[in-house]
Amino acid sequence: SSVFANIVRAPEDAILGVTVAYNKDSSPDKLNLGVGAYRTEEGKPLVLKVVRRAEQMLVNDNSRVKEYLPIVGLADFNKLSAKLIFGADSPAIQENRVTTVQCLSGTGSLRVGAEFLARHYHQLTIYIPNPTWGNHTKIFGLAGLSVKAYRYYDPATRGLDFQGLLEDLGAAPSGSIVLLHACAHNPTGVDPTIEQWEQIRQLMRSKGLLPFFDSAYQGFASGNLDADAGSVRMFVADGGECLAAQSYAKNMGLYGERVGALSIVCKTADVASRVESQLKLVIRPMYSNPPIHGASIVATILKDRDMYNEWTVELKAMADRIISMRQQLFDSLSARGTPGDWSHIIKQIGMFTFTGLNTKQVAFMTKEYHIYMTSDGRISMAGLSSRTVPHLTEAIHAAVT
Ligand SMILES: Cc1[nH+]cc(COP(=O)(O)O)c(CN[C@@H](CCC(=O)O)C(=O)O)c1O
C-alpha cells in the first residue's frame, strides 16, 4: 500500500475553490463573482495594452538573458516599486532607509515578511482585522506568529467599527505587529478616512505597534496610485518603521506572473542594510531567487514616463468600470424594489462588495441562479458586467424575499 495512504483529502480553498466549483458548472447563466480578478465588460480576463507593449520590447531585446536574479530580485524593479508605494520624493528612500526585496506577488511578500519577523522581531503577536483576506491567518500562523484579531467591520452599520478598532489596538501588548490593508479592504470594501488613519497612526506610534501594510490594490480603489498609498505614506512620513507588501497582480493584471515586493522602512540606512542581509537568509532556502519575466515587465513600464502614464490610464479605466458596476447594481436593486438598504454597494471601494448576504442565501444563489461568490457574502464587482447585472439582481432579490 502507499506510504501516503493515510493522507486525508483537504477542503478546497474558500476563495480559489469558488472558481473550481464555477468551472464544474455547465449552466450558460453561471457567473463567477468569487476570485478578485478583473474581467472586462465582455467577462474576459484583461492583459493591459502597456503590458503587451513591454513584453514585446523584452522579446525583441536580444541582449536579455535568462540568468538567475540575485536573491533579492531585480534591482531596478525593487527601486521602482519602493518609489511607487512610498512616493518618488520619499525621504526614507532618499536617506537609503528602505530595503525592498522582490517576492512572489503579494502572498510571497507577506510570507517573507512574516518569516523575517518570526526570526528577528521581539513581539511575535500579529493583530489582523476581523474580517480579513482568508489567507492572512495561515500566512502568519505558519510563519510562527501568534495571530489575534482587532475589530474592524460593524455589520450593523456595514461600516468601520472605529471605536472597536481603537480599543483593540489600544489594548494590544506594546510592540505587537498590526496588519493594515493599505486601501480597498478585502472583503469589506470599507476603509478608514484620512482622519481616522491619522488617529490610528498616533495610537500605534504611541504604543510602539509595528505596522505591516498589505497593499494589493494600489490604484484600484480610487483609480489614483498616490491616493491609494496615502495611508502608507502617512506612517512613513513620521520617520517611524514599517513593513509593506506590494502586489502587481491586480493593478497591472500580472496575476499568474507572481510579481510583488516586500519593503521594510528602517530608522537608519545601516539597519536597512543589515535587515536586507537577513531577508536573504529567509528567501534563499524558500525559493532561492524570484522569477525574472514579470518583474522585467513592471520595471520596463515604471521606468518609462510614457508607459507609466499609459498604465495609469488603463488602471483608472479598470477602477472606473468597477465603480460603474457598483452604481448599476445599486440602481438595479432599487428599481427591482429588493427589500433592504443597498447603499453600501456604492459606498464601499475597491474590487469587492461585502453584500451582507449570509451563507444560506449565498448557497441558495449558487444552487438556484449559478452565482459563484465566497460564502461570507463577498462579491467581486470586477466579475460583473452590464449584461449580467439583471441576473445577479434577480438572484439577490429571490434570496432576500
Ligand atoms: C488583501 C490581499 N492581500 C494579498 C493578496 C495576494 O495576492 P497575490 O499578489 O496574487 O499573491 C490578495 C489577493 N486576493 C484575491 C485574489 C485571490 C486570492 O485569494 O489569492 C481575492 O481575495 O480574491 C488580497 O486580496
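Counting starts at 1 for both ligands and their atoms, following the listed order.
Relative to atom 25 (O) of ligand 1, the option among T107, L104, N186 with the closest non-hydrogen atom is N186. With atom 9 (O) of ligand 1 as the reference point, the heavy atom nearest to it among G256, S105, A216, A14 is part of S105.
Distances between N or O atoms of H136 and those of ligand 1 include no value under 3.5 Å.
Among all non-hydrogen protein atoms, the one lying nearest atom 23 (O) of ligand 1 is G36 N, 2.7 Å. The protein non-hydrogen atom at the shortest distance from atom 3 (N) of ligand 1 is D214 OD2, 2.6 Å. Annotation: atom 19 (O) of ligand 1 to nearest protein heavy atom, W133 NE1, 2.8 Å. Among protein heavy atoms, atom 13 (C) of ligand 1 sits closest to K250 NZ, 2.6 Å.
The shell of residues lying under 4.0 angstrom from ligand 1, judged by heavy atoms, excludes M351. Put simply, part of R258 is less than 4.0 Å from ligand 1, judged by heavy atoms.
Aromatic pair F213/F86: ring centres not closer than 6.0 Å. Taking the six-membered ring for Trp and the full ring otherwise, F354 and H344 have centroids separated by 6.0 Å or more.
When all heavy atoms of S332 and V389 are compared, the closest pair comes out as CB-CG1, 3.6 Å. Across all non-hydrogen atoms, the minimal contact from L302 to Y308 is CD2-CD1, 3.9 Å. Between N224 and D226 the shortest heavy-atom distance is OD1-N, 2.7 Å.
Using bins of under 30°, 30° to 60° and over 60° for the plane-to-plane angle, the ring pair Y369/F364 lands in the tilted bin.
Proximity to V35 (heavy-atom distance under 4.0 Å) selects the following atoms of ligand 1: 17 (C), 23 (O). Near G106, meaning under 4.0 Å from any of its heavy atoms, are these atoms of ligand 1: 8 (P), 9 (O), 11 (O). Listed by atom number, the atoms of ligand 1 under 4.0 Å from A249 heavy atoms are 9 (O), 10 (O).
Within 6.0 Å of the NZ atom in K30, the count of heavy atoms belonging to other residues, nucleotides or ligands exceeds 12.
Only the side chain of R378 comes within 4.0 Å of ligand 1, counting heavy atoms alone; its backbone N, CA, C and O stay farther away. Contacts with ligand 1 closer than 4.0 Å are made by side-chain heavy atoms of Y217 only, the backbone lying farther away.
In this structure, the separation between OG on S176 and CG on L209 is 6.0 Å, given to the nearest 0.5 Å.
D191 contributes a side-chain N or O that, together with a main-chain N or O of H185, makes up a donor-acceptor pair within less than 3.5 Å.
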